[in-house]
*Asks:* 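I have a structure I would like to understand better, so I am pasting it below and will then ask my questions one at a time.
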2 protein chains.
Amino acid sequence: MIDQLDAVFGALADPTRRAILARLADGDRTVGELTAPFEVSQPAISRHLKVLERAGLVSRNRRATARLSHLEAEPLRTATEWLARYQAFWDESHERLDALLASLTRQLER
Amino acid sequence: MIDQLDAVFGALADPTRRAILARLADGDRTVGELTAPFEVSQPAISRHLKVLERAGLVSRNRRATARLSHLEAEPLRTATEWLARYQAFWDESHERLDALLASLTRQLER
DNA sequence: ATTCTTCATAACCACTCTGTTATGGAGTGA
DNA sequence: TCACTCCATAACAGAGTGGTTATGAAGAAT
């Protein structure tokens, strides 16, 4: 993990990897479970998982013969902190980010 | 701009491009001004600018023979919104994002 | 022990990315 | 008009990316 932001933003740049993260947000998954919904081969998913692991976004452990992938959100926090530096530049003409986040939080809690 | 998140996260994955955005946050810059601080050639910077432009992060207009690059922060907002969906996953063991952003905002105002 | 399941890895291909140098176009100013 | 400045683009090289198929390692189950 030379530069964390490089790795994290790079990992997020691929739609399949973002979809994998979305599924992991619902709970840990095996490689097989992650492969099924996508129309790519299992080795392709394995490599996406390796990219996510390098970015620190996924950790893995064995369960019997399967390998469970687990979402690690901390790097997303780091990425958000970086983006927050630019908050002022879109704030001017729009609602504030904290208001936005509050509304999103309310949505999630509902 | 097929998929905005692809383009934005892809653009942010490069440290030179993030540094360019940081300089543009201080005000519009010509290509020459953006090239000087980095140890890469002018054509390389021109192509970075093109990537940023495709992602909607930079707009450009002429001033005499120069071309001014201008920061467009809206796509960063989009990226932040996407990341906010994962806020709950790092919230559990850390301060809340809105508190973090508030503290960052205070820092900027100071 | 053997077989089955799960997953990783290797080998390959096509394409993209980041950088270079060389060059030329477009606008400015003398 | 001519020269100069600023920048874009073309052509190229090397590394990386994302996909494939083929294969094998390792644990589980019979």
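First the proteins, then the strands, lettered A, B, ... as listed; each starts at 1. From a predicted model like this one, the values you see are computed outputs, not experimental measurements.
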*Asks:* Do the side chains of E53(B) and K50(B) get close enough for a salt bridge, i.e. N-O under 4.0 angstrom?
*Replies:*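 Looking at E53(B) and K50(B), the cut-off is not met.
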*Asks:* Are V58(A) and H70(A) packed together at the side-chain level, in the sense that at least one heavy-atom pair is separated by less than 4.5 angstrom?
*Replies:* no
*Asks:* In whole angstrom, give the distance that lies between atom CZ of R67(B) and atom P of dG27(C).
*Replies:*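 After rounding, the reported distance stands at 11 Å.
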*Asks:* Expressed in angstrom and rounded to an integer, what is the separation of N61(A) atom CG from dA8(C) atom C1'?
*Replies:* 16 Å
*Asks:* To the nearest angstrom, how far is L52(B) atom CG from dT18(C) atom C1'?
*Replies:* 14 Å
*Asks:* For side chain to side chain donor-acceptor pair (under 3.5 Å), just list the numbers for T35(A) and Q42(A), CA-CA rounded to whole Å, side-chain angles, deciding distance to a tenth of an Å, and then say yes or no.
*Replies:* CA-CA 6 Å; T35(A) 300; Q42(A) 170 263 312; over 6 Å; no
*Asks:* For the residue pair W82(B) and F9(B), categorise the inter-ring angle as parallel (less than 30°), tilted (30 to 60°) or perpendicular (more than 60°).
*Replies:*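 W82(B) vs F9(B) ring planes: perpendicular.
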*Asks:* Sort out for me which residue in L52(B), L24(B), D28(B), I20(B) forms a side chain to side chain contact (heavy atoms under 4.5 Å, CB included) with S69(B).
*Replies:*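 The side chain to side chain contact (heavy atoms under 4.5 Å, CB included) with S69(B) is passed solely by L24(B) among L52(B), L24(B), D28(B), I20(B).
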*Asks:* Let me know the distance between CZ of F38(B) and C1' of dT18(C), rounded to the nearest Å.
*Replies:*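 Rounded to whole Å, this separation is 15 Å.
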*Asks:* Quickly work out the D14(B) CG to dT16(C) P distance and round it to whole Å.
*Replies:* 18 Å
*Asks:* Measure from CD on Q42(A) to C1' on dA8(C) and round the result to the nearest Å.
*Replies:*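 Checked: the CD to C1' distance equals 7 Å.
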*Asks:* So, R23(A) side chain and P37(A) main chain: donor-acceptor pair closer than 3.5 Å or not?
*Replies:*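 Not a single qualifying donor-acceptor pair exists.
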*Asks:* Considering every strand and a 4.0 Å limit on heavy-atom distances, what is the contact class for A66(A): base, sugar-phosphate, or nothing?
*Replies:*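 Contact class for A66(A): sugar-phosphate only.
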*Asks:* Give a yes or no on whether a salt bridge exists between R54(B) and D6(B), defined as a side-chain N under 4.0 angstrom from a carboxylate O.
*Replies:* no
*Asks:* Evaluate the side-chain contact (heavy atoms from CB on, under 4.5 Å) criterion for residues L71(A) and Y86(B): first the C-alpha distance (whole Å), next the side-chain angles of each, then the deciding distance (0.1 Å), finally the verdict.
*Replies:* CA-CA 10 Å; L71(A) 175 64; Y86(B) 294 90; 3.9 Å; yes
*Asks:* Could you give the start and end, 5' to 3', of the contact zone on DNA chain D for chain A, using atoms under 4.0 Å from its heavy atoms?
*Replies:*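 Under 4.0 Å from chain A, the extent on DNA chain D is dG18(D) to dA28(D).
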*Asks:* If I take atom CD in residue E33(A) and atom P in nucleotide dT5(C), what distance separates them, rounded to the nearest angstrom?
*Replies:*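 Atom CD in E33(A) sits about 16 Å away from atom P in dT5(C).
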*Asks:* The side chain of V40(B) is closest to which nucleotide in this list: dG19(C), dC7(C), dA10(C)?
*Replies:*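 It is dG19(C).
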*Asks:* On the nucleotide dC7(C), are OP1 or OP2 found under 4.0 Å from the side-chain N or O atoms that S46(A) carries?
*Replies:* no
*Asks:* When the distance from CD1 of I45(A) to P of dT6(C) is rounded to whole Å, what number comes out?
*Replies:* 16 Å
*Asks:* Which residues, if any, of residues 15-25 of chain A bring a heavy atom under 4.0 Å of DNA chain C?
*Replies:*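 Those residues: none at all.
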*Asks:* Quick one, L12(A) and L57(A) - any side-chain contact, counting heavy atoms below 4.5 Å?
*Replies:*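 Answer yes - side chains close enough.
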